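Some notes on the structure that comes next.
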Amino acid sequence: MFAALVRAGLKDLQVYLEYGTPGGGRRLDALIVGAAPDGVLRLVIVELKQWQTCRILDTERVMRSDGLVTVHPVHQVAAYRSFFQHWRPQSAPELEVRGVVVLHNATAAEGAALSAGAGGDAGVPVLTGEELARQGETLARLLCCGDLAAPGSGQVEEFESIRWQPSSRLLDHVGADLEGHHAFALVGDQQDAFVRIRQEAARHLPGRGQGTAPAGGRGGDGAVITVSGGPGSGKSALAVRLLGRLMRAHPTTRPRFITPSGTLRAHLLDAVTGHSAARELFPSAGSLRSTARHTGALVIDEAQRIKRGSAPGLPPDLAAVLEHVPLAVIFLDERQIIRPDEGTTVAEIRTVAHALGRIHHHLKLTGSFRCSGSAAYTAWVDNLLYGTPQPWTGHTGYELGLADDPFQLQGWIDNANDQGYTARTTAGFCWEWDRSRPRGATTLREEIEIPVPARPTAPAKTWRAAWNASSALTDPNDGRLIAPHSQLWASHTGGHQQIGCIYTAQGLEYHHAGVIIGPDLTWADDHWHAHPKESRDTALRHLTPEQYLPYALNTYRVLLTRGTHTTRIYATDPDTHHHLQALIHTR
């Protein structure tokens, strides 16, 4: 490739090898950066393949000579291009992103066949060894660099200082995804998983116009696919995209999407308001067993939250899915198990699938598409809670800080909300939450009380706040919304004035996250201590400290990974707050 750039007269362009994509899901083989005549930076993504030939399965999938089915490289590059465009922060310089696939071992005819197989015009040319042998301006144009010159040193520095941040959120695009308009790009292992699942769908489900799906099948005639990944790894984005694909490619299977998270389901239904036909695609978790008997394809998100039965082993509702549904795709994160009556694992699903004679595949998502794409931040959270806590240096593009007290934390949230961002505060479930409300009430009870000790510059005082509302609170005089329903607290107007908990935050995201670590989890003697008696969660208060600890750690892991841009923490326990101060060095 470098020899080709030199022959094309492009030796002064900036080239990055193995450039990590935002989110860490994949590395680009090469990224060329140059300046156009108008001074605007141009990025050219180069995907290098050693292939000579492959079998084209459809416009988005190819089978390599070694039998591996993978994403068509043209669509792979197109996804990278879309991703860069969606992740460019407003403060970054204007950019144009192009892409090219290079098959240096293939002939021009083989390259043309691959290009034609991509279907339509993705704007990503396919070059082969024959084209790369050309010279000068002709080769420069083929490499999509014909109008580029060396970028200035200031432009290079400006480009390298960009902190790629997600500019779109999943729930903003649910309706579009179901209709086939993909504003939210799948990249890296998300894209690989999508191709793998589509392959199993084609194998086990009838296509459009091929009759109805098998119903109530038993053993050997279906597939179970588990997809695991940490917070922000793209599970829900992939799940929604998959549902849309199944609807279009396998409509007779009556595909459905179920999540045991009432909050996530409420947001999905809210996101498809105006798409009346789409609402039936998201049945409640209570209908999981009956849905399993009437669908040929089922997507389950947040599966670790499915309620267990009294007997050990897989939850009965999920066992019914594995027994009856020809294609079940199950998304889960075992470190988001937050109650003793929940906790499905990949190993349990695999065991039951094999016992039923079903094919089982397990796929992992390793990227980080929340928290400004900072895999370093999610790793910091995991080290803080489960490993050896590490200092936070703040050089990864994600902003993390501490609040001196809850008053300061709430002021930060209010300011972010005033600037048009979604900003929310969550806390451990360490204060009573009375869901009843007096008739005609126009305020919520401020049940959360945190005393703030006196300081040299301020007297002692108590911070008070209300939990999110169990039902929407409106002004009886003018109908104005004062507080949204708890399940829509994270996105609807007024939600920033209440405090969310694990049950109203799990599965969601917002721009700025405030987190209050309550007295149920404290740091002392170089390790975490759990205090179940400090919890007001009736499902957990009876546990021993040893039993409660993993649920507390998982709970705060969820709360600490909801913010797409920034997180601020306050710990009610002074020693725990001091521990965090020693770790977090903000600039």
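Here the structure is a predicted model, which means the values were calculated and not measured. Side-chain atoms are counted along with the backbone in the values below, which use heavy atoms only and exclude waters and symmetry mates.
A donor-acceptor distance shorter than 3.5 angstrom exists from the side chain of His294 to the backbone of Ser290, with no hydrogens or angles considered. A donor-acceptor pair under 3.5 Å is absent between the side-chain atoms of His511 and the main chain of His565, judged by distance alone. With Trp467 contributing its side chain and Glu432 its backbone, the two residues share a donor-acceptor pair below 3.5 Å. With Ser287 contributing its side chain and Ser284 its backbone, the two residues share a donor-acceptor pair below 3.5 Å. In this structure, Gln497 contributes its side chain and Thr493 its backbone to no donor-acceptor pair below 3.5 Å. Side-chain atoms of His527 come within 3.5 Å of backbone N or O of Asp525 as a donor-acceptor pair. Side chain of Arg265 to backbone of Phe282: a donor-acceptor contact under 3.5 angstrom is found. A donor-acceptor distance shorter than 3.5 angstrom exists from the side chain of Thr544 to the backbone of Gln547, with no hydrogens or angles considered. The backbone N or O of Val346 sits less than 3.5 Å from a side-chain atom of Glu334, completing a donor-acceptor pair. Side chain of Lys364 to main chain of Asp189: no donor-acceptor pair is present (N/O by atom type, distance under 3.5 Å, no hydrogens or angles).
Asp520 and Tyr548 are linked by a side-chain donor-acceptor pair at a separation below 3.5 angstrom, with hydrogens and angles left out of the test. Judged by distance alone, the side chains of Thr567 and Tyr398 do bring a donor and an acceptor atom under 3.5 Å apart. Counting only N and O atoms by type, the side chains of Glu302 and Gln304 include a donor and acceptor under 3.5 Å apart. For the residue pair Tyr503/Arg339, the side-chain donor-acceptor check at 3.5 Å is satisfied. Side-chain contact of Glu200 with His361: a donor-acceptor pair under 3.5 Å is present, judged by distance alone. Counted by atom type alone, Thr226 and His360 present one or more donor-acceptor pairs between their side chains at under 3.5 Å. For the residue pair His485/Ser471, the side-chain donor-acceptor check at 3.5 Å is not satisfied.
Here the side chains of Thr351 and Glu348 are not in contact, with every heavy-atom distance at 4.5 Å or above. Counting only heavy atoms from C-beta outward, the side chains of Glu342 and Pro315 never approach each other to under 4.5 Å. Residues Tyr551 and Leu543 are in side-chain contact: their nearest non-hydrogen atoms beyond the backbone lie under 4.5 Å apart. At a threshold of 4.5 Å between non-hydrogen side-chain atoms, the residues Ile300 and Leu288 count as touching. Taking the side chain as every heavy atom from C-beta outward, Tyr19 and Ile45 never approach each other to under 4.5 Å. Ile225 is listed as a side-chain neighbour of Leu327, based on a closest heavy-atom distance under 4.5 Å. Inter-residue side-chain proximity for Val299 and Val240 is flagged as unmet; no heavy-atom pair is nearer than 4.5 Å. Side-chain contact between Phe194 and Arg198 is present, with heavy atoms from C-beta onward closer than 4.5 Å.
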Original post:
Going through the checks in order, is the ring pair (Phe, Tyr, Trp, His ring centres under 6.0 Å) test met by Trp528 and Tyr556?
Top reply: CA-CA 12 Å; Trp528 291 105; Tyr556 286 109; 8.2 Å; no
Subject >> Worked verdict on His529 versus His531 for side-chain hydrogen bond (donor to acceptor under 3.5 Å, both in side chains) >> reply: CA-CA 7 Å; His529 297 262; His531 310 280; 5.8 Å; no
Original post:
Step by step, would you call His512 with Trp412 a ring pair (Phe, Tyr, Trp, His ring centres under 6.0 Å)?
Top reply: CA-CA 9 Å; His512 303 294; Trp412 174 72; 5.8 Å; yes
Original post:
Between His267 and Leu508, is a side chain to side chain contact (heavy atoms under 4.5 Å, CB included) present by the stated rule, with each step listed?
Top reply: CA-CA 9 Å; His267 277 80; Leu508 304 180; 3.3 Å; yes
Subject >> Pair Gln487-Thr504, side chain to side chain contact (heavy atoms under 4.5 Å, CB included): steps then yes or no >> reply: CA-CA 6 Å; Gln487 291 184 332; Thr504 54; 5.7 Å; no
**OP:** Could you go through the side chain to side chain contact (heavy atoms under 4.5 Å, CB included) check for Ile517 and Leu580 one step at a time?
**Re:** CA-CA 11 Å; Ile517 299 178; Leu580 293 171; 4.2 Å; yes
Subject >> Test side chain to side chain contact (heavy atoms under 4.5 Å, CB included) applied to Leu332 and Val227, step by step >> reply: CA-CA 6 Å; Leu332 72 167; Val227 185; over 6 Å; no
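Ring planes of His577 and Tyr570: tilted class, angle from 30 to 60°. Note on ring orientation: taking the six-membered ring where Trp is involved, the planes of Tyr510 and Trp489 are perpendicular (angle over 60°, cut-offs 30° and 60°).
Contact record, Ala505 with Thr426: CB-CG2, 4.0 Å, taken as the closest heavy-atom pair. Closest of all the heavy-atom pairs between Ala552 and Leu521 is CB-CD1, 4.3 Å. Contact record, Thr561 with Pro231: OG1-CB, 3.3 Å, taken as the closest heavy-atom pair. The minimum heavy-atom distance linking Leu559 with Val515 is given by the pair O-CG2, 3.4 Å. The minimum heavy-atom distance linking Arg424 with Asn417 is given by the pair NH1-OD1, 4.2 Å. Heavy atoms only, all atoms of each residue included: Ala285 and Pro260 are closest at CB-CA, 3.6 Å.
Just one of Leu560, Ile584, Thr393 meets the side chain to side chain contact (heavy atoms under 4.5 Å, CB included) condition when paired with Trp380; it is Ile584.
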Identify all side-chain donor-acceptor contacts of residues 382-389 below 3.5 Å with residues at least two apart in sequence or on another chain.
from, atom 1, to, atom 2, distance (Å)
Asp382, OD1, Arg557, NE, 2.9
Asn383, ND2, Ala379, O, 3.3
Tyr386, OH, Asn554, OD1, 2.6

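Put simply, NE2 on His496 and CD1 on Ile499 are 10.5 Å apart, with the number rounded to the nearest 0.5 Å. Of the inter-residue distances, the one linking Thr259 atom OG1 with Leu264 atom CG reads 4.5 Å to the nearest 0.5 angstrom. Atom CG of residue Asp192 and atom CG of residue Leu238 lie 10.5 Å apart, to the nearest 0.5 angstrom. Expressed to the nearest 0.5 Å, how far CG of Leu243 lies from CG of Asp301 amounts to 11.0 Å. Asp29 CG to Arg27 CZ: the interatomic distance, rounded to the nearest 0.5 Å, is 11.5 Å. Atom CG of Leu363 and atom CD of Gln190 lie 12.0 Å apart (nearest 0.5 Å).
Ion pairing between a basic and an acidic side chain is recognised when a charged N comes within 4.0 Å of a carboxylate O; Arg358 and Glu323 show no such pairing. Of the charged side-chain nitrogens involved, none lies within less than 4.0 Å of a carboxylate oxygen, so that Asp341 and Arg308 do not count as a salt-bridged pair.
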